[in-house]
Amino acid sequence: MHGAPYWQTTPYTIPIGIGSLLFVVLAASLFRRRTERRLVPGATLGALLLVASGLWMGTYALELSVTDFSTKVLLNQLGYVGIAPLPLLWFAYVTRHAGVKLNSRAAWVALGSVPVAVVALVVTNPWHGLIWTDLWVDADHGYAVLVNEHGVAFDGFIAYAYALILLGCGVLGRTLLRADGIYRKQTLALLGGGLVPAVGGVVCVAGLSPVPGLDLPVLAFSVTSAAVAWSVFHHRLFTLVPVAWESAVESMHDAALVLDGDGRVIDVNPAGERFLSLPLSDAYGQSVARVLPTELVDALGGVPTAGSEAEATLTTEDGERALLVETTPLGDESDMSGSLVLVRDVTERVERERRLERQNERLDEFASVVSHDLRNPLTVARGYLELAAETGDAEYFERIENAHDRMETIIEDLLTLARQGETLTDVTPVALRTVAQEAWDGTVVGDATLDVRVDRTIAADRGRLRQLLENLFRNAVEHGSDGGSLTVVVAGVDGGFTVEDDGSGISEAERADVFERGYTTHENGTGFGLPIVKTVADAHGWSVELTESDAGGARFEFTGVETEPEPANAEQSTND
């Protein structure tokens, strides 16, 4: 066995060699991605951990493949370059993964000095025998295996290594109890990767190995390498999910989803679960298009390819909600490895903006009316006042009074508009017949007649309902009578009521415009009467439709009104 080296085949060489190669390839990939800033903190530690494991397994695979004693000894010594730092690298990555901070520099220096000392003792072992006291080759099982008689320094290193392994497993076990989703799967992969070789080491050190001298922890690492590789590619171990996910994202009120480069769900925080169409456990690994509502997928543009921001409207159990969907790339936008999607409920902000827009519109309208419509009657009143002062003719005072009445009407319309527009929350049962008569009595009607053919109670704000009817009555008298007699009818329909007249009516071409503020066909009109009607109806949640009455006049139909049944004498009319 001490002659020229030659090769041998063992049942363990191939799996150990494949595991070594796999670890080295994964480490190279992590280092490459690390330079591209595609990884979370801890990726460098993960890559070094894989390099150390691959070096240990690779040198041992070569040691098994040769039979020359001196070559085996040399490869055994080289293996310690991977063996010595491995427990510390594993412990360091585990604590980083779990978010455990060890800020004592002195402690890390002390822990790091052990691997350096072990490598130094391995190199100088022929002078002191602290790592091994004797080495020989055992060929009783059909192939040559280097057997070590370990020294006291090696026993100390084993104690050091297993202390770090057990501490790391404890940290992972605690993390596993609090983890879920992809983070839980990553933690399980790390825990298994630490326990399998540790058990093999115990068997080997206890002298229970079926093959004397065979390094069972190395063989166990070939199994671990397969588990780690599976987790890297399917659970994104060492890659996408941040260490701080649990503390930073899990407690967020906004929904957060982590997607991989193909748009598959990697993790979801509790706030995001309410948007999933599948149970959380079934959503992992699924395309985002399968687990999110269509509205959110459309806002994302399908599979996110860059950072973006879009708004979406989604109907939920709480009603219609306005959502802001923000996408942040994980990695470079030119080569994304995934994305973070945040979904924020901005309903209140949108509603505030809409209210502000409506208020600004009213301010514009007020400014327009004050600068134009009020100026006309004010100019008229001032002119007649000068004539009255010069002549003393009472006719001019009457015209001044009419101009003041006109200004008062405009001001009342403006105040009504200023108070309307918000959804009503305080409505009471109101007798429609009674309010209609009150509104009629408060309107200058001339020769017109009111005919109330409804006797039902509706849910409404009494004051605003009267304003609605007053404006309808005034509109009918001023625009529909043409100086002749006029009859205004208030009647009931399914789910509401109607107000119609037998006047000249409103042409079909104008019906779409009459509810616009400022639109009027009358030289003395303000253009606010019918907009007030629609505003009051909208505030109650009613719909209003303008058509032609049977007599050819205007017919306003209000539906969506909460009503109570009419009594038997509902056909009785009220005339004035």
Taking atom [atom1] of [X] and atom [atom2] of [Y], what is their separation to the nearest 0.5 Å?
X	Y	atom1	atom2	answer
Ile458	Thr428	CD1	OG1	9.5 Å
Thr498	Leu472	OG1	CG	10.5 Å
Arg349	Arg354	CZ	CZ	11.0 Å
Leu450	Arg433	CG	CZ	9.5 Å
His540	Leu468	NE2	CG	8.0 Å
Thr559	Glu545	OG1	CD	7.5 Å

Residue pair [X] / [Y]: nearest heavy atoms and the distance that separates them:
X	Y	answer
Asp550	Glu500	N-OE2, 4.5 Å
Ala322	Asp345	O-OD1, 3.5 Å
Val454	Gly492	CB-N, 3.7 Å
Ala448	Val477	CB-CG2, 4.1 Å
Ala476	Leu486	O-CD2, 3.4 Å
Leu469	Ala436	CD1-CA, 3.7 Å

Please say whether more than 12 non-hydrogen atoms of neighbouring residues, nucleotides or ligands are located less than 6.0 Å from CD in Glu562. no
Pairing residues for [X] by the side chain to side chain contact (heavy atoms under 4.5 Å, CB included) criterion, not counting sequence neighbours:
X	answer
Ala551	Asp502, Ser549
Leu385	Ile400
Arg290	Gln286, Ser287

Student check: side-chain heavy atoms of [X] and [Y] closer than 4.5 Å:
X	Y	value
Leu257	Leu292	yes
Arg462	Thr434	yes
Trp440	Val488	yes
Phe473	Asp501	no
Val489	Arg453	yes

Stepwise, does the side-chain contact (heavy atoms from CB on, under 4.5 Å) test hold for Leu432 with Leu465? CA-CA 9 Å; Leu432 182 57; Leu465 175 61; 4.2 Å; yes
Return the orientation label for the Phe558 and Trp542 ring planes: parallel under 30°, perpendicular over 60°, tilted otherwise. perpendicular
Gly496 backbone acceptor or donor facing Arg456 side chain under 3.5 Å: yes
